[in-house]
Amino acid sequence: MTQPPFYVSPEQVMKDRADFARKGIARGRSVIVVGYDKGIAFVAENRSRALHKVSEIYDRIGFAAVGKYNEFENLRVAGIRYADMRGYSYDRSDVTARGLANAYAQTLGTVFIQESKPFEVEIVVAEVGKTADEDQIYRLMYDGSVADEVGFVAMGGAAEPIEAGLKEQWRAGMPLSEVLQMAVRLLGQDPAGGEARTLDPTALEVAVLDRTRPRRTFRRINGDLLASLLSETDPTSDAPTDEASLGETHVSTNPQTQRPGAEATPDGD
Amino acid sequence: MSGRGPGRLPDAFRAPGSSSFTEFLGVHAPDLLPSRRTLPKGPVDAPHGTTIVTLTYAGGLLMAGDRRATMGNIIANRDMEKVFAADDFSVIGIAGTAGLAIELVKLFQVELEHYEKIEGALMSLEGKANRLATMIRGNLGMAMQGLTVVPVFGGYDLDASQGRIFSYDVTGGCYEEHDHHTIGSGSLFARGSLKKLWRPGLDVDQALHVAVEALYDAADDDSATGGPDLTRRIWPTVAYVEAHGVRFADEPAVHAAVEDVVAARTGNPGGAR
């Protein structure tokens, strides 16, 4: 940073930077990350099919972000590199959301203080556990502060009224369809108190970390499945897990353990 | 700005660049790449994997491997897996130095998944085959010292709706094979067998029988290839790639196919027909 021509107190510098980052974040549409009975759902208002706000990081870890696309895309790629490298040199089970959240926090914190402008992003790193109690949702702010959230997070432009709505309506163990309907209703409401919009499935980016899936738990939900999950008359309450591609597949990428079932073979040695 | 600081992501992680994991490792952690190691002079004695057969059938591709790894005249491992899922739509079988080959498979699997996550799209089948060729090329130095790795790669081409096979040589040459291919020490015998048994339009069960029979023929004449081990119940690894993804044959199905082949060969050891 260049020297300012006259004295500005550190408090003022930090406040200016924080205001700058907050303003950038507030311009974007909101993202909701919320737990349901079988995993964690990500719901974003995003009309683009290609520029994602929600992404897979690793087997059980997902990523969601609001703010400037180039900045959170940079962090997303860094996170995938971090996770893949760790999984490659240790083991897949050694990649955790906590480790990744720490790395992100340190990175965001350093950028906030040292670089000429802070990142205008807010991100969530979520890891689905074997049970709902083991789910982890970390929320990271532009200045590197981390919060460990329980159950749900909303971020972006109109996060506060959405958080209030989630606090009121969310309870543990809701099925996916109810969670999605609630999230879409909250995303559509007008923060200024005007009439709520109805969000079409094509205006949404939805993905889940489904704890019942083997290995890679991340899955995008779109098209007809999303439409029927969002419809209040359709009985579909959950994404099907035993689709044809999963029935007999036991694909893991660790060459030594890709077929857990094979260990049952009696061995004569 | 330096990339140092406790716990933060190093600058290399945030550098814009390719979506290749291998290229990223080459810049950031070259010591993790098998091709960047310096080796002592002289031969290295290490377990070798042996025979893999692969063939197409109506609706997909089958890849099967025996379970033996040898070190000279010693059987180093009798239940090693040598056929792996590379990703949801492709499989890889390995022959040559087992340790290096498994490391290569592991790296290749991460490479494909890494690309898929960063790009948000599956790599094309030719793209995957070419990435693998680049990795083999990087191993040439070690191959010169006797640590050869020669894989065979097979996948389901979602655009052409068919199984396709790619073979490699030690210099990283990548060749598309038609109908069937074999690699490893018993490959000559297995290939002869496949030539006589394979025909267009095989169904899944017939393909399984043909593959088991080809491996049986390889084990018959090559001491390094493991035959079906009826006493220990060790059967070949068999993987299928079809339009909906990779699956491995379950044990009873392979067992039944092996029993059939052994029964048919009793009193007719060459399998003449």
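A note on names: the letters A, B, ... follow the listed sequences, proteins ahead of strands, and every chain is numbered from 1. Side chains are part of it too, since the values below use all heavy atoms of this structure and drop only hydrogens, waters and symmetry mates.
Cation-pi check for A/Arg86 over A/Tyr90 is met; the charged atom lies under 6.0 angstrom from the ring centroid and within 45 degrees of its normal. The cationic group of A/Arg81 does not satisfy the cation-pi geometry with B/Phe13, failing either the under 6.0 Å distance to the six-membered ring centre or the 45° limit from the ring axis.
In terms of non-hydrogen atom pairs under 4.5 Å with chain B, the most contact-rich of A/Ala83, A/Gly144, A/Ala78 is A/Ala78. For the set A/Asp84, A/Leu100, A/Leu108, A/Val77, the entry with the most heavy-atom pairs within less than 4.5 Å of chain B is A/Asp84. When each of A/His52, A/Glu73, A/Glu56 is checked for heavy-atom pairs under 4.5 Å with chain B, A/Glu56 comes out on top.
Of the atoms belonging to B/Ala239, not a single heavy atom falls under 4.5 Å from chain A. If you measure heavy-atom distances from B/Glu111 to chain A, you find no contacts under 4.5 Å at all. Looking at A/Asn70, neither its backbone nor its side chain comes within 4.5 Å of chain B, counting heavy atoms on both sides. Looking at A/Arg220, neither its backbone nor its side chain comes within 4.5 Å of chain B, counting heavy atoms on both sides. Of the atoms belonging to A/Phe218, not a single heavy atom falls under 4.5 Å from chain B. Of the atoms belonging to B/Leu25, it is side-chain heavy atoms, and not backbone ones, that fall under 4.5 Å from chain A. Heavy-atom distances place the side chain of A/Leu75, and not its backbone, under 4.5 Å from chain B. Interface remark: B/Glu116 contributes side-chain atoms only to the contact with chain A (heavy atom separation under 4.5 Å).
B/Met63 and B/Gly154 make their closest contact through CE-N, 3.8 Å (heavy atoms, listed as atom of the first residue, atom of the second, distance).
No salt bridge links A/Asp148 with A/Arg98; every basic N to acidic carboxylate O contact stays at or beyond 4.0 Å.
Residues satisfying the salt bridge (charged side-chain N to carboxylate O under 4.0 Å, His left out) test with B/Glu259, not counting sequence neighbours, are none.
For B/Phe153 and B/Phe108, the ring centers sit closer than 6.0 Å to each other.
Of the listed residues (B/Ile92, B/Val152, B/Val83, B/Leu62), just one forms a side-chain contact (heavy atoms from CB on, under 4.5 Å) with B/Thr54, and that residue is B/Val152.
Identified by a heavy-atom distance below 4.5 Å to chain B, the contributing residues of residues 119-126 of chain A are A/Phe119, in residue-number order.
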